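One is the number of the first residue; the rest follow in order along the sequence. Being a predicted model, the structure only gives us computed values, none of them experimental.
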Amino acid sequence: MTDFEPSGLLIDYFYICKRKLYLYFYKISFENTNDAIQIGKEIEESFFKDSLKSITVANSKIDFITIEDKVVVHEIKKSKAFESAHIWQVKYYIYQLRQKGIDSEYGIIHYLLLKRKISVNFNEMDQARIQEAIEKIREILSLSQPPQVIKKPFCSKCAYYEYCYI
C-alpha cells in the first residue's frame, strides 16, 4: 500500500471520520440511500449543465478547473458543515496537480445553496500536512477491522449511521 494514492473523497472522509473512510474504501457503502448525499449529487449535476465538466487527476475527480495565471481548482459542495474537510480536499487536489507538474496554488469552494464561495490557498506547509494525512490514511486502510465508532454530533445524518449504531 506504499504506492497507494488516495482520492480527494478519501481525504475529505479522513478529516470527517476515519471509520467512514475505512468503510467507504472497502466498498461498504450506504451512500446511495442517503438523502443528503443524493441532494448534493443533484445540485452538482444541475450545476454542470452549464457545460462545466469534471476532470480526473490520478484517482481523484475535481469538479472543474479554470485557467488564470495558474490552474484554479473548483469544488462544489452543498453545505459548509464540513468546511475544514472540504478545504483539505481542495488542497489535496492542488497537491496532486503540483505532483503532476501543473502550476496551481489556489482553489475555490462553491457552496451553491448558501450562495457563498471561499478561497483556498496552498502553501509548502500544506504539502507536509497532506503527506502526513496520506501516511495516516494508509495506516487506517491497512487495519484488519474498521476503526472504532467515535460519536460525533453529525453521526445521525451520516449514511453509515445504522451500520455504526444499530
Open item on the list: On a heavy-atom basis, which atom in Thr56 and which in Ala58 lie closest, and how many Å separate them?
Closed with: CG2-O, 3.5 Å

Task: Approximate separation, where rounding is to 0.5 Å, of Ile67 CD1 and Ile65 CD1 - done: 4.5 Å

- [ ] Name all pairs fulfilling the salt bridge (Lys or Arg N to Asp or Glu O under 4.0 Å) condition that reach into residues 107-120, sequence neighbours left out, sorted by first residue then second.
- [x] Glu83-Arg116

Open item on the list: Taking the side chain as everything from C-beta on, heavy atoms only, tell me whether Trp88 gets closer than 4.5 Å to Val120.
Closed with: no

- [ ] Indicate yes or no for a side-chain donor-acceptor contact from Ser60 to the backbone of Gly8 under 3.5 Å, with no hydrogens or angles considered.
- [x] yes

Task: Tyr161 and Ile166, any side-chain heavy atoms less than 4.5 Å apart - done: yes

Open item on the list: Could you check whether Gln96 and Glu5, counting side-chain N and O atoms only, form a donor-acceptor pair closer than 3.5 Å?
Closed with: yes

Open item on the list: Measuring from atom CD of Gln89 to atom OH of Tyr13, what distance do you get when rounded to the nearest 0.5 angstrom?
Closed with: 9.0 Å

Task: Separation between OH of Tyr163 and SG of Cys158, rounded to the nearest 0.5 Å - done: 12.0 Å

TODO: Would you check if Leu112 and Ile76 make a side-chain contact, meaning some heavy-atom pair closer than 4.5 Å?
DONE: yes

Task: Hydrophobic cluster identity match, Tyr106 and Ile109, side-chain contacts under 4.5 Å - done: no

Open item on the list: Has Arg19 got a side-chain atom pairing as donor or acceptor with Pro147's backbone, closer than 3.5 angstrom?
Closed with: yes

Task: Closest heavy-atom pair and its distance - Pro6, Asn59 - done: O-OD1, 3.3 Å

- [ ] Determine whether Ile87 and Ile118 make a side-chain contact, defined as any pair of heavy atoms from C-beta on separated by less than 4.5 Å.
- [x] yes

Open item on the list: Is the shortest side-chain heavy-atom distance between Phe154 and Ile16 below 4.5 Å?
Closed with: yes

Task: Contact check, side chains of Leu113 and Ser79, non-hydrogen atoms, under 4.5 Å - done: no

Task: Residue pairs involving residues 7-17 (criterion salt bridge (Lys or Arg N to Asp or Glu O under 4.0 Å); sequence neighbours excluded) - done: none

Task: Reported CD1-to-CG distance for the pair Ile102 and Leu97, which is rounded to 0.5 angstrom - done: 5.0 Å

TODO: Apply the test ring-ring contact (aromatic ring centres under 6.0 Å, His included) to residues Tyr92 and Tyr15: give CA-CA distance (whole Å), side-chain angles for both, the deciding distance (0.1 Å), then the verdict.
DONE: CA-CA 12 Å; Tyr92 181 65; Tyr15 286 102; over 10 Å; no

Open item on the list: Are there over 12 heavy-atom neighbours, none belonging to Lys152, within less than 6.0 Å of that residue's NZ?
Closed with: yes

- [ ] Could you name each residue pair satisfying salt bridge (Lys or Arg N to Asp or Glu O under 4.0 Å) that touches residues 87-111, not counting sequence neighbours?
- [x] Lys70-Asp103, Lys70-Glu105, Lys91-Asp126, Arg98-Glu124

Open item on the list: I'd like to know if the side chain of Ser54 reaches the main chain of Asp63, judged simply by a donor and an acceptor atom lying under 3.5 Å from each other, with no hydrogens or angles considered.
Closed with: no

Open item on the list: With clusters defined by side-chain heavy atoms of hydrophobic residues (ILVMFWY) lying less than 4.5 Å apart, directly or transitively, does Ile134 cluster with Tyr26?
Closed with: yes

Task: Heavy-atom side-chain contact between Tyr24 and Tyr160 under 4.5 Å - done: yes

Task: Min side-chain heavy-atom separation Lys77-His110 under 4.5 Å - done: no

- [ ] Just do the side chain to side chain contact (heavy atoms under 4.5 Å, CB included) check on Glu75 and His86 with the steps written out, would you?
- [x] CA-CA 8 Å; Glu75 182 67 16; His86 301 158; 5.8 Å; no

Task: Spacing of CD1 belonging to Ile11 relative to CG belonging to Leu21, to within rounding of 0.5 Å - done: 8.5 Å

Open item on the list: Other residues, nucleotides and ligands only: do more than 12 of their heavy atoms fall within 6.0 Å of CG on Leu143?
Closed with: yes

Task: Stepwise side chain to side chain contact (heavy atoms under 4.5 Å, CB included) check, Val73 with Ile108 - done: CA-CA 6 Å; Val73 170; Ile108 298 172; over 6 Å; no

Open item on the list: Salt bridge or not between Arg138 and Glu135? Use side-chain N to carboxylate O under 4.0 Å.
Closed with: yes

Open item on the list: Is the positively charged end of Lys18 above the ring of Phe14, judged by distance under 6.0 angstrom from the centroid and angle within 45° of the axis?
Closed with: yes

Open item on the list: Return the CD1 to OH distance between Ile140 and Tyr22, rounded to the nearest 0.5 Å.
Closed with: 11.0 Å

Open item on the list: Check whether Tyr165 reaches the backbone of Val149 with its side chain - one donor and one acceptor, N or O, closer than 3.5 Å.
Closed with: no

Open item on the list: Please determine whether residues Val72 and Phe122 belong to a single hydrophobic cluster, defined as Ile, Leu, Val, Met, Phe, Trp and Tyr linked transitively by side-chain heavy-atom distances below 4.5 Å.
Closed with: no

